[in-house]
**Student:** 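Would you mind keeping the following structure in view while I ask a few things?
Please read all numbers here as calculations on a predicted model, not as lab measurements.
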2 protein chains.
Amino acid sequence: MNPCKNHKACTNEALKNAEEICKKKGVKLTKLRETVLRLVWKSHGYVKAYDLLEDLKKIDNSAKPPTVYRSLDFLLEHGFIHKIQSLNAYVGCGHPNTHDNCYFLICNECQNIEEHCSKNINDIVTNTSEKINFLPNKITLEISGTCKECS
Amino acid sequence: MNPCKNHKACTNEALKNAEEICKKKGVKLTKLRETVLRLVWKSHGYVKAYDLLEDLKKIDNSAKPPTVYRSLDFLLEHGFIHKIQSLNAYVGCGHPNTHDNCYFLICNECQNIEEHCSKNINDIVTNTSEKINFLPNKITLEISGTCKECS
DNA sequence: AAGTAAATGTTATATTATAACATAATTGAT
DNA sequence: ATCAATTATGTTATAATATAACATTTACTT
């Protein structure tokens, strides 16, 4: 899954997108936040907060849990990463301009995560919910299984 | 949401179902497991593991985290409860014989959870996944929002 | 009754995340 | 440029969630 030809390019694009969006929004992608985003993007797999912390410590030994969680919070808030609830893990967002209607395919073998967006699925969920007068706010859809390459 | 007329009846039915299914499967719904299941069913809302632990301690002061988690594991394994991944919480399953294709509507106001099943949603997810040769194994679909009564 | 498997008890610790307060950097108004 | 305010980061401590490892008890099988 996600056999990207050139992962450095993926990462750089993600970083560039984040920069642009921050600029547009008037928020700051500080050095720390950028570093954390880069670390999240070290692969197309998911990363765990305390693994990020270990990675950060290699750069700045004084890093502590809040260092990581604050950056993660910022990155989540602005849609540069997503949290995978079923794994307590984080993954970079490949299309941070439109982070609606997303769901995640999680390969149990290679740990890679593919983010998909489907207005279709989103509409069905929304319609079904509204039929019973439930007003949906946030949809968490995570599908674990085995990806093409691993099966 | 879930304005059940008689929650005692809900609970008793859940307990009865669990008993029957255990009998059929040849597994044991021990006193402890039954107690935990009853505690999970104290409402239609979700419960947190350490709240259950507090509840259990009122009955048996020697209860400890593994006491709760082991029972939860058993109840999860046999489909008597579900884990709500986005909340790290647990909720009773209202129809434990057929716990496929389920998703959860979580009201942010009243904390109640309604479990729904839709072969429709499940099929769409499955088809969409398979189109890209992803073999789905487990689908986590959790929708938080506001229920009819709370909106 | 003895042996085995399953369940529970118990201690300790791992993992994930946040609260609370201190300091530093940045911004914006004067 | 300076001060005040805001934002970001540093730091210490601890809360919240979950499991590992081993001991004991209970239940089941023969």
**Student:** Within the structure shown, what part of the strands sits under 4.0 Å from A:Lys83 by heavy-atom distance: base, sugar-phosphate, or nothing?
**Tutor:** sugar-phosphate
**Student:** Checking A:Gln85 against A:Thr140 for the side-chain hydrogen bond (donor to acceptor under 3.5 Å, both in side chains) test, could you report, in this order, the C-alpha distance in whole Å, the side-chain angles of both residues, the deciding distance, and whether it holds?
**Tutor:** CA-CA 8 Å; A:Gln85 302 288 354; A:Thr140 300; 5.1 Å; no
**Student:** From CG of A:Leu29 over to P of D:dA8, roughly how many Å is that when rounded to an integer?
**Tutor:** 11 Å
**Student:** To the nearest Å, how far apart are B:Lys31 NZ and D:dA27 P?
**Tutor:** 13 Å
**Student:** For B:Ile59 and C:dT8, what is the distance between atoms CD1 and C1' respectively, to the nearest whole Å?
**Tutor:** 16 Å
**Student:** In terms of the nearest nucleotide of DNA chain C, which residue is placed more toward the 5' end: B:Arg33 or B:Asn88?
**Tutor:** B:Arg33
**Student:** Does A:Arg70 come within less than 4.0 Å of A:Asp73, counting only side-chain N to carboxylate O?
**Tutor:** no
**Student:** Kindly state which residues belonging to residues 61-73 of chain B come within less than 4.0 angstrom of DNA chain D, counting heavy atoms of the residue only, listed by number.
**Tutor:** B:Pro65, B:Pro66, B:Tyr69, B:Arg70
**Student:** Separation of B:Asp60 atom CG from D:dT25 atom P, in whole Å?
**Tutor:** 15 Å
**Student:** Which whole-number value in Å describes the distance from A:Glu34 CD to D:dA8 P?
**Tutor:** 15 Å
**Student:** In whole angstrom, what separates B:Leu87's CG from D:dT17's P?
**Tutor:** 10 Å
**Student:** Is there a donor-acceptor pair under 3.5 Å between the side chain of A:Lys64 and the backbone N or O of A:Ser62?
**Tutor:** yes
**Student:** Quick one: does A:Tyr50 reach the base of C:dA17 with a side-chain donor-acceptor pair under 3.5 Å?
**Tutor:** yes
**Student:** Does A:Lys23 have more than 12 heavy atoms from other residues, nucleotides or ligands lying within 6.0 Å of its NZ?
**Tutor:** no
**Student:** I'd like to know if A:Leu135 and A:Val125 are part of one continuous hydrophobic network [Ile/Leu/Val/Met/Phe/Trp/Tyr, side-chain heavy atoms within less than 4.5 Å].
**Tutor:** no
**Student:** Assign B:Phe74 to base, sugar-phosphate, or nothing according to its heavy-atom contacts below 4.0 angstrom with the strands shown.
**Tutor:** nothing
**Student:** According to ring-ring contact (aromatic ring centres under 6.0 Å, His included), who are the partners of B:Tyr46, at least two apart in sequence or on a separate chain?
**Tutor:** none
**Student:** Grab the NZ-P distance between B:Lys57 and C:dT10 for me, whole Å please.
**Tutor:** 12 Å
**Student:** Between D:dG10, C:dG9, D:dT7, which nucleotide has the shortest distance from any of its atoms to the side chain of B:Leu32?
**Tutor:** C:dG9
**Student:** Where the side chain of A:Lys48 is defined as all heavy atoms beyond and including C-beta, which of D:dC28, D:dA8, C:dT16 is the nearest nucleotide?
**Tutor:** C:dT16
**Student:** Do NZ/NE/NH1/NH2 and the carboxylate oxygens of B:Lys24 and B:Glu20 come within less than 4.0 Å?
**Tutor:** no
**Student:** Tell me: NE2 of B:His78 to C1' of C:dA6, nearest whole Å?
**Tutor:** 12 Å
